[in-house]
Each structure stands twice: as structure tokens, then as C-alpha cells.
Amino acid sequence: MPELPEVEVVRAGLDSLVRGATITGVQIYRDSCVRLTPGGPGEFADAVDGRSIAAVVRRGKFLWMLLDGDASEVALSAHLGMSGQFRVHAGDAPPAHRHCRARFTLTYPGEPQRALTLDFLDQRTFGYLHVEPVTATADAAPGGQGSPATVVPHSVTHIARDVLDEHLDRDHTIAALRTGKRAIKQVLLDQTVVSGIGNIYADEALWSAQVSPTLAAHALSHSSAQDVLDAAYMVMTHALVQGGTSFDALYVNVNGESGYFSRTLQAYGRTGKPCARCGSAIERIVLGGRSTHRCPNCQADPPPLAAPPLDAPPLDAPNLSDVRHAGELGDLRL
DNA sequence: AGTAGCACCTGATTGC
DNA sequence: TGCAATCAGGTGCTAC
């Protein structure tokens with residue numbers, strides 16, 4: 001399932017391929033893939049046809065193309081849901097795939113020979129496209145004073161900055177993670193607290209920080225909250241680097257089940273297998289209707305006051321200085 | 001205000 | 001073998 005690292009891989013791939021292109025054709029194969037647009041697919045197609053793509057931007061799992069046009073700037077927003085993919089075809093495009101929900105024809109001003117076909121595929125149809133105005137905001141994250149001005153689509157204004165965002169208000173995020181009666185895992189999945197964390201990486205971050213997913217947020221210590229946030233950063237960072245290395249420029253694959261990161265998962269999906277730290281069997285519980293995986297020993301609830309030493313070697317954080325977020329329009333190479 | 005629960009949807013897997 | 005039930009997931013909406 002696409003979470004922040006996978007979406008960033010898609011964003012980077014799309015940005016390198018479609019920036020500067022003009023949308024000269026739109027086909028919608030499944031009307032319901034267009035959402036949050038009152039006029040439906042017709043309005044969507046009319047709004048994006050003829051516009052050029054200035055950049056591909058992301059916050060958390062929300063992705064959008066900034067469109068230049070003669071009217072005010074708008075965004076072609078996309079959410080990949082559980083199974084969304086973008087695929088780019090150079091030259092003659094094959095017939096639309098069975099799961100293709102929308103197809104865009106792209107041309108390049110001054111390069112009449114150059115054209116691309118951009119397909120939006122989505123097997124499970126939780127993903128969607130829409131077109132909407134962008135909004136300048138000091139910071140979409142609640143309480144994030146002092147962050148630089150940012151332009152985000154209207155539908156993204158309530159989404160917090162993500163774990164990899166250098167302007168994430170760390171103190172505010174830690175405080176938010178320690179607020180409320182909800183289990184800490186449910187707070188981690190709340191995209192208005194901190195964005196980009198999905199079910200898989202929430203389990204991984206909590207395993208790494210040795211925090212029980214069922215612990216009430218208000219019972220989380222300040223240092224444990226720091227550990228959880230740091231662990232989320234590490235897990236996301238390593239996934240991003242692995243995803244980036246396997247990325248094919250003309251096949252922008254975000255199918256989480258392709259598993260480029262699954263081999264390094266320590267908790268998610270490992271029910272019954274030994275914990276890499278202590279050997280206890282990883283257990284599966286249901287929390288908020290979502291499957292949750294934890295080590296019953298080193299993620300005991302309540303957590304041990306003195307955490308046992310880590311056997312696993314510490315992770316080194318790769319350099320993320322070239323990961324681009326909303327409002328930052330530099331080049332990116334993975 | 002904060003929280004819980006459900007709808008949305010398809011394909012793979014499991015159970016009978 | 002074939003059918004039915006279950007499961008997976010993120011987000012937005014509604015209800016409490």
C-alpha cells in the first residue's frame with residue numbers, strides 16, 4: 001500500500017517526466033475516480049485540458065500537479081488510496097489496462113515529436129483524482145507557527161506536515177502525539193497530527209521505538225514520543241531510499257505489494273514469527289478495525305520503565321536534503 | 001471538541 | 001470443484 005515513501009517515489013518520477021508538459025487529452029474510464037469535483041468527470045476534464053504542468057508536489061500521501069493556465073492556478077490532485085499507480089508510456093500507448101481509471105495525453109511545447117500517455121490505474125478504487133484551487137497558508141499543520149508559507153490544494157489544508165518535512169514542527173508534533181485518549185497507533189494514523197504514516201509504517205515505528213500500539217496517547221512519555229517520531233523518520237527514510245533505487249523512469253510503480261520494502265519489515269505481517277529483538281512471537285491484534293502487529297514482550301502494555309538494549313544495529317539516516325515538499329520547487333534526483 | 005464507526009471497492013484467500 | 005464469506009487498506013463523513 002502506498003505510504004509516504006512510495007508516494008514520494010511516484011512524485012519524483014512524475015515530476016521528472018511530466019513537468020513542463022501540456023495536458024492535451026483527458027479520458028475518464030471510471031467516473032467514480034473523479035471526486036470532490038461538483039461537475040464530475042466533465043468538469044474535471046474541462047478544467048485540466050490545455051493546462052501545463054508546472055510541478056508535481058506532495059504532502060504526506062497527498063499528491064498534486066500544479067497547473068499553469070490563463071486563470072488562477074489550480075491543482076490536479078491525486079490520492080493513490082490503497083492501490084493507485086501512475087504509469088507513463090512514451091510513444092504509442094497500449095490499450096488501457098483493465099484497472100486504468102483515467103488517461104491523460106501530454107505534449108511538450110516546442111517539441112512536436114514528443115508525447116506521453118499518463119495512466120492512472122487503481123485496482124481497488126480507493127484512489128481518486130480531482131481538480132481544485134490552491135490556497136496559500138502559513139502552515140496547514142495546526143499550531144505550526146513560524147513555518148514558511150506554503151501553497152497547498154484546498155483539500156489538503158487540514159493535513160499536517162509529514163515526517164520527512166524539514167519544516168515539521170517537532171515540538172508541536174510530539175505534544176500532539178501525547179494528547180487524547182486514543183491509542184497511540186490511532187493517533188499516528190491521524191493525518192492531521194502528522195501525515196504520511198499508514199498502517200504498515202505505524203506498526204514498524206512502534207516496534208522500533210518499543211512502544212505498545214494500544215498505549216493511550218496521554219500516557220506516552222515525552223521521550224517515548226520522541227522515539228516514535230524518530231523511528232517513523234528512520235523507517236520512512238530507509239523505505240524511500242530502497243524504493244528510489246528500484247524505480248524505473250517509465251514505470252512509476254507504487255504497488256505496495258511489489259514489496260521492495262517488505263523484506264525489511266520487523267512487525268507488520270509477521271504474525272507468529274520471532275521478534276528480531278527478543279525472539280517472542282509477533283502477535284496480531286485489531287485496533288480501530290485495523291490489523292496491528294507487535295511484540296508482546298518488548299512492546300508490552302504498559303511499556304517497561306527501563307527499555308532493554310537494542311540488539312539490532314542502529315540505522316543511519318540517509319541524506320534527505322533532496323526530498324521536495326509542498327512549496328519547494330527544486331530539482332530532485334533519487 | 002474529541003472520538004468511534006461505517007461506507008466506499010475489488011481481488012485474493014479461506015472455509016465449507 | 002464451486003460458491004460464499006472474509007480480509008485488506010486510507011479517507012471522509014456522520015453520529016455520539
Side-chain angles (χ1 to χ4, degrees), chain A residues 1-8 10-11 28-38 40 58-64 77-86 96-102 120-130 132 140 142-143 152-160 162-163 175-205 213-220 232 236 239 254-259 261-262 265 267-272 283-293:
Chain A
M1 273 52 69
E3 297 189 25
L4 192 160
E6 290 84 354
V7 179
E8 171 56 25
V10 172
R11 188 210 63 75
I28 304 295
Y29 298 113
R30 184 188 176 96
D31 286 357
S32 63
C33 82
V34 175
R35 296 187 203 169
L36 306 173
T37 306
R58 176 191 61 74
R59 169 171 284 191
K61 293 175 258 187
F62 292 78
L63 186 70
W64 63 91
S77 298
H79 197 289
L80 301 175
M82 290 175 56
S83 54
Q85 301 177 31
F86 279 106
H97 186 276
R98 176 185 176 193
H99 297 136
C100 184
R101 309 308 184 196
F120 176 67
L121 285 74
D122 188 19
Q123 180 195 92
R124 295 188 186 179
T125 71
F126 274 24
Y128 55 85
L129 304 170
H130 57 122
E132 59 181 336
V152 299
H154 182 74
S155 67
V156 182
T157 53
H158 68 296
I159 299 299
D162 63 60
V163 179
L177 288 174
R178 303 179 62 212
T179 301
K181 294 185 292 186
R182 287 183 296 172
I184 180 59
K185 171 160 178 188
Q186 291 172 297
V187 177
L188 276 178
L189 294 176
D190 185 341
Q191 305 296 301
T192 69
V193 171
V194 59
S195 68
I197 302 175
N199 201 43
I200 296 172
Y201 295 147
D203 282 3
E204 292 302 302
T214 63
L215 184 67
H218 64 75
L220 190 67
M236 297 279 188
V254 292
N255 181 356
E257 291 165 350
S258 63
F261 186 48
S262 63
L265 294 179
Y268 183 85
R270 300 194 72 246
T271 308
E283 68 175 11
R284 176 184 176 275
I285 61 175
V286 176
L287 190 56
R290 295 288 177 252
S291 63
T292 297
H293 308 77

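By convention in this document, chain letters (A, B, ...) are assigned in the order of the sequence lines, proteins followed by strands, and residues within each chain are numbered from 1. Hydrogens, waters and symmetry mates are skipped; everything else that's a heavy atom, side chains included, is used.
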> Rounded off to whole Å, could you give me the CD1-to-C1' distance for the A:I197 and C:dT11 pair?
16 Å
> Give the rounded distance in Å between these two atoms: NE2 of A:H158 and P of C:dG10.
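That distance rounds to 15 Å.
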> Does A:E283 have any salt bridge (Lys or Arg N to Asp or Glu O under 4.0 Å) partners at least two apart in sequence or in another chain, and if so, which?
A:R294
> Rounded to the nearest 0.5 Å, how far does CD1 of A:I197 lie from CD of A:E3?
8.5 Å
> Any side-chain N or O of A:K181 under 4.0 Å from OP1/OP2 of B:dG2?
no
> Going by salt bridge (Lys or Arg N to Asp or Glu O under 4.0 Å), name the residues that satisfy it together with A:K185, two or more places apart in sequence or in a different chain.
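Listed in chain order: A:D203.
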> Rounded off to whole Å, could you give me the CG-to-C1' distance for the A:D203 and C:dA8 pair?
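Atom CG in A:D203 sits about 13 Å away from atom C1' in C:dA8.
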> Dump every N/O contact between nucleotides 9-13 of chain B and the protein below 3.5 Å, one line per pair.
unit_1: B:dC9; atom_1: O4'; unit_2: A:T125; atom_2: OG1; d: 3.3
unit_1: B:dC9; atom_1: O3'; unit_2: A:R30; atom_2: NH2; d: 3.2
unit_1: B:dC9; atom_1: O3'; unit_2: A:T125; atom_2: OG1; d: 3.4
unit_1: B:dT10; atom_1: OP1; unit_2: A:R30; atom_2: NH1; d: 2.9
unit_1: B:dT10; atom_1: OP1; unit_2: A:R30; atom_2: NH2; d: 2.9
unit_1: B:dG11; atom_1: OP1; unit_2: A:R98; atom_2: NH2; d: 3.3
unit_1: B:dG11; atom_1: OP1; unit_2: A:H99; atom_2: NE2; d: 2.9

> Can you measure A:D190 atom CG to B:dG2 atom C1' for me and round it to whole angstrom units?
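Whole-Å distance recorded here is 10 Å.
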> Round to the nearest Å and state the distance from A:Q186 atom CD to B:dG2 atom C1'.
12 Å
> Just verifying a value: how many Å separate A:W64 CH2 and A:L129 CG, rounded to the nearest 0.5 Å?
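The distance works out to 15.0 Å.
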> If we ignore hydrogens and angles and just use 3.5 Å, is the side chain of A:R101 paired with the main-chain N or O of A:Q123 as donor and acceptor?
yes
> Dump the pairs, protein N or O against N or O of nucleotides 13-16 of chain C, anything under 3.5 Å, distances to one decimal.
none

> Just to verify, what does A:R182 make a salt bridge (Lys or Arg N to Asp or Glu O under 4.0 Å) with, not counting sequence neighbours?
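For A:R182, the residues satisfying salt bridge (Lys or Arg N to Asp or Glu O under 4.0 Å) (neighbours in sequence not counted) are A:D190.
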> First locate atom CD1 of A:I184, then atom OG1 of A:T214, and finally report the distance between them rounded to the nearest 0.5 Å.
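So the CD1 of A:I184 and the OG1 of A:T214 are separated by 11.0 Å.
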> Distance-only, no hydrogens or angles: does the A:E132 side chain make a donor-acceptor pair with backbone N or O of A:S155 under 3.5 Å?
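Checking the backbone N and O of A:S155 against the side chain of A:E132, a donor-acceptor pair under 3.5 Å is found.
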> Is the backbone of A:S195 close enough, under 3.5 Å, to the side chain of A:D162 for a donor and an acceptor to pair up by distance?
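Flag not set: sc A:D162 to bb A:S195 has no pair under 3.5 Å.
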> So, does A:Q191 use its side chain to make a donor-acceptor pair with the main chain of A:G196 at under 3.5 Å?
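Indeed, once roles are kept as given, a pair shorter than 3.5 Å links the two residues.
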> What is the distance, to the nearest angstrom, from the CD atom on A:E3 to the P atom on C:dA8?
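My rounded result for the distance is 15 Å.
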> Choosing from B:dA7, C:dC7, C:dG12, which nucleotide comes nearest the side chain of A:R290?
B:dA7
> Please give, in whole Å, the distance from C:dG12 C1' to A:I159 CD1?
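Value for this atom pair: 10 Å.
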> Less than 4.0 angstrom between a side-chain N/O of A:Q191 and OP1 or OP2 of C:dT11, yes or no?
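So the side chain of A:Q191 is within the cut-off, an N or O lying under 4.0 Å from OP1 or OP2 of C:dT11.
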> A:L189 has an atom CG; how far is it from atom C1' of B:dG2, in whole Å?
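The answer, rounded to whole Å, is 17 Å.
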> Can you see if the side chain of A:Y128 gets near the phosphate of C:dG12 - specifically, an N or O under 4.0 Å from OP1 or OP2?
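For A:Y128, the contact criterion (side-chain N or O under 4.0 Å from OP1 or OP2 of C:dG12) is met.
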> Side chain of A:H79 only, heavy atoms from C-beta on: which candidate in C:dG10, C:dG12, C:dA8 is closest?
C:dG10
> Is A:H99 atom NE2 crowded by more than 12 heavy atoms from other residues, nucleotides or ligands, each under 6.0 Å away?
yes
> Out of curiosity, A:R270 CZ to A:E204 CD, how far, rounded to the nearest 0.5 Å?
9.0 Å
> Can you pull out how bent the helix from B:dG2-C:dC16 to B:dC16-C:dG2 is, comparing the axes over its first five and last five pairs, to 10°?
50°
